[in-house]
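All remarks here apply to the structure that follows.
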Amino acid sequence: MARQFVLKREPIQEVSRLSIDYRAALNEQQLAAVTADRGPVLVVAGAGTGKTRTLIYRVAYLVDSGVRPEEIVLLTFTRRSAREMIARASALLDGRCENVRGGTFHSYCLEILRRHGKRIGFPNNFTILDSSDAADVVDILRLQIKSRIDKKRFPRKRTLQGIISGARNRDETVQEYLEQRFPQFMEYLEIISEISAEYGRYKFNHGLMDYDDLLTQTLFLLSEHRDVRNIVAGMCKHVLVDEYQDTNRIQAGLVRMLSSVHGNLMVVGDDAQSIYRFRGADFRNILLFPKQMPDTTVLKLEQNYRSTQQILDLANHIISRARHKFDKKLFSDKTEGELPTLIHAQDNRFESRFVTQVILELREEGVALSDMAVLFRSGFNSYDLEVELNRRGIPFVKYGGLKLSEAAHIKDVLAHLKVVENPRDGVAWNRILQLIEGIGPRTSQKILEWIEASPDEPFQIDESRFSPMYVEKIRALFVMLRSLVSTQLTVTDQVEVIVSYYEPLLKRIHFDDFLKRTQDLEHFVGLAESFTDRATLLSSLALDPIELTAVDVDPLTDDEPPLILSTIHSAKGLEFNTVFLIHALDGILPSAYSAGDEDAEEEELRLLYVAVTRAAERLFISYPAVQYRRFSGQYFAKQSRFLDAIPEKLLESGSLVEQESPFLAPEPEFPRLPEANIRPDNAAAETESW
DNA sequence: ACAAGCAGTTTTTTT
DNA sequence: AACTGCTTGT
């Protein structure tokens, strides 16, 4: 055996010799995390304990002590937080942290795969399937099998795609996953397994990767190819992971691979805030971390700097109901504060008016709009409020909910770009072919077969084989596509060419809201300008979808930083002076989908916990007592079960009382809107009190 | 045989 | 708003 020489490691750096006064900026626990030595470190950090701050200072500290920024990898869950952290760390050190690498797991994996994907048989121009594209691929295979097997009822494409993805994210077989989560589909086990296998083959043959592939293929690449692993991990002197409680098994494996050369891995998280179980997150990752990584240093951050004690008392009470007890009690210095309030509103119009009114009052008092947030369980919970905010001219942005790149018309334009980028992308081909009048699934499939038969000339076609009904239209499409391949057009120019080809088709298909959709397209053309090439545009859009927000707002207030509307999931890691949690209804939070599954119900509880702990000073939880549903009309709704039996000393209850102002003009003679029949005119809303 | 249009149902959360 | 299944039209 060769002789081994043990090299002594010097400590990273002494605090006193650095350019930032870390001692002054951090508390003792934070300082310990920031200045931790090499090796695996787990930082367990409760909500609002300065987790982000600690990570930022850690990055700065490493750079400050001579680690090259390019050798630091910071993995986060959203691009927003990655960008923010690197920017903030850079600000600490005059821009020296700008070259820190990282981003979301998915984007970092994409980088690795673009460079080394050839080793596992993927071309470097592969295109990315978002989950609805993935469902479209599944649907192609589903229909093939459905026509072969005579079954009447069959799981839908989204369900099938969800099953395939769910199993892969948990690193389980389809069988294991079905037994646990969808026992009712066990009779389809064979078919689903077959579709799953076919799906994998289809993607491989067409140069496609879905979100799960970005993670699993990277893990596969790194575990099978030692040389690649050494190159990639060799560049990761320090690996830092945020929100570790939300990683799944694949991600935990990736983290281990990335830190396999240098062994410097710091993960930060809070088991009480694990809210991505539905996508395979397993908070056991954080609990078992010290066992999996020998000699882990475990550090805890417990002092909350964000919220008043009143808000923390409520949060502690909520999380104490969890079956898996988290023995963590947050405490704060801010003992003076308002009690969180629970508002019972008659219906969702009342709820929206209440929220809007309080927002306006607080803005008068000097709370910035951007320091207030309205949180909700699902994207559509805020529809009514959005209308009200628009009416009052309050600017807002919405996180979560519909994404620009998920709108059908944007996907159509993107599909054209994808085909040019990767002519083997069959889903994209299908999409653009079926936009043409006279071409449906069948014809599209046939054309595709012809295209696939001559891979060298993907944008040429033998016109004699087509019905004269659409041959002209096909030719126009191919001429357009060829013009994009051969020229040196910028991405924006390419998008413009596509849009002008596409607009007439759009008009035919979505005549009703043609105008609105055209505006989106223009918006999108403008967006394309910030991208240098097609591939970057496509993958950025797939991995960092742009929120589609209604920003139709009064120009006077346009420059004011907007109010934040957000799903609870998208608000993770953020904090606000004032938080409104709306639609706190049983069946919404907790979601009716979680009924009967104890683990799922508990995740809903953690979701409430996350929402509550976003607030620094003021917290309003509200719910409408009546809900509408098409056809079934109105029905009585019940407040969230999580709010039942919370002592009044933790959560004060309030109700809304309508008050007419004597100074206001009488109601107009004719109601302006149908709803004015039920409620007084909008003007009265101005003086509503509670 | 295939596409288009209509009616009725169904919508979690994200990369 | 989007998806599915059904009916009608070419």
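Protein chains get the first letters and strands the later ones, always in sequence-line order, with residue 1 at the start of each.
- Among the nucleotides dC2(B), dT14(B), dT15(B), the one closest to the side chain of Tyr211(A) is dT15(B).
- Taking the six-membered ring where tryptophan is involved, the planes of Phe182(A) and Phe185(A) are essentially parallel, since the angle between them stays under 30° and well short of 60°.
- Here the P atom of nucleotide dT13(B) and the CG atom of Leu589(A) are 13 Å apart, to the nearest Å.
- Applying the 4.0 Å criterion to OP1 and OP2 of dT14(B), one finds that Ser131(A) has every side-chain N and O outside that range.
- Residue-level contact check: Phe105(A) touches neither bases nor backbone, having no heavy atom under 4.0 Å from any strand.
- Ranking dA2(C), dT15(B), dA3(B) by closeness to the Lys403(A) side chain, first place goes to dT15(B).
- Listed nucleotides dT10(B), dA3(B), dA2(C) differ in distance to Arg517(A); the shortest reach to its side chain belongs to dA2(C).
- When the nearest nucleotides of DNA chain B are assigned to Thr104(A) and Lys446(A) by heavy-atom distance, the more 5′-ward of the two goes with Lys446(A).
- Within the structure, a side-chain polar atom (N or O) of Tyr593(A) is placed less than 4.0 Å from OP1 or OP2 of dT12(B).
- Of the candidate nucleotides dT4(C), dT15(B), dT12(B), dT15(B) has the atom lying nearest to any side-chain atom of Leu543(A).
- Position along DNA chain B of the nearest nucleotide to Gly440(A) versus Ala542(A) favours Gly440(A) as the more 5'-ward residue.
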(message) One pair to check against salt bridge (Lys or Arg N to Asp or Glu O under 4.0 Å): Arg142(A) and Asp139(A). What are the steps and the verdict?
(response) CA-CA 5 Å; Arg142(A) 186 184 92 114; Asp139(A) 203 38; 3.1 Å; yes

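- Looking at the side chain of Glu437(A), the nearest of the listed nucleotides dA3(B), dA2(C), dA4(B) is dA4(B).
- Side chain of Thr78(A), nearest nucleotide from dT15(B), dT13(B), dT4(C): dT15(B).
- Between Phe380(A) atom CZ and dT11(B) atom C1' the separation is 6 Å, expressed in whole Å.
- Following rounding to the nearest Å, Arg279(A) (CZ) and dT13(B) (P) show an atom-to-atom distance of 13 Å.
- A cation-pi contact, defined as under 6.0 Å to the ring centre and within 45° of the axis, links Arg279(A) to Tyr276(A).
- In this structure, Leu113(A) places its CG atom 19 Å from P of dT15(B), rounding to the nearest Å.
- Looking at Arg377(A), its side chain never comes within 3.5 Å of a backbone N or O of Leu589(A) through a donor-acceptor pair.
- If you measure from atom CG of Asp599(A) to atom P of dT13(B), you get 21 Å, rounded to the nearest angstrom.
- Atom-to-atom, NE2 of His409(A) to C1' of dA1(C) comes out at 12 Å; the value is rounded to the nearest Å.
- Distance, Arg249(A) CZ to dT15(B) C1': 20 Å, rounded to whole Å.
- OP1 and OP2 of dT15(B) both lie 4.0 Å or more from every side-chain N or O belonging to Ser107(A).
- Phe278(A) does not qualify as a stacking partner of the dT12(B) base, lacking a centre-to-centre distance under 5.5 Å together with planes within 30°.
- A side chain to side chain contact (heavy atoms under 4.5 Å, CB included) with Ile128(A) is found for exactly one of Asp213(A), Leu110(A), Leu538(A), namely Leu110(A).
- Look at Ser570(A) and you'll find a side-chain N or O under 4.0 angstrom from OP1 or OP2 of dT14(B).
- In this structure, Glu603(A) reaches neither bases nor backbone, as no heavy-atom distance under 4.0 Å exists between it and the strands shown.
- When rounded to the nearest whole Å, the span between CZ of Arg277(A) and P of dT12(B) equals 16 Å.
- Ring geometry for Phe620(A) against Phe580(A) counts as parallel: the plane angle stays under 30°, on a 0 to 90° scale with 60° as the upper cut.
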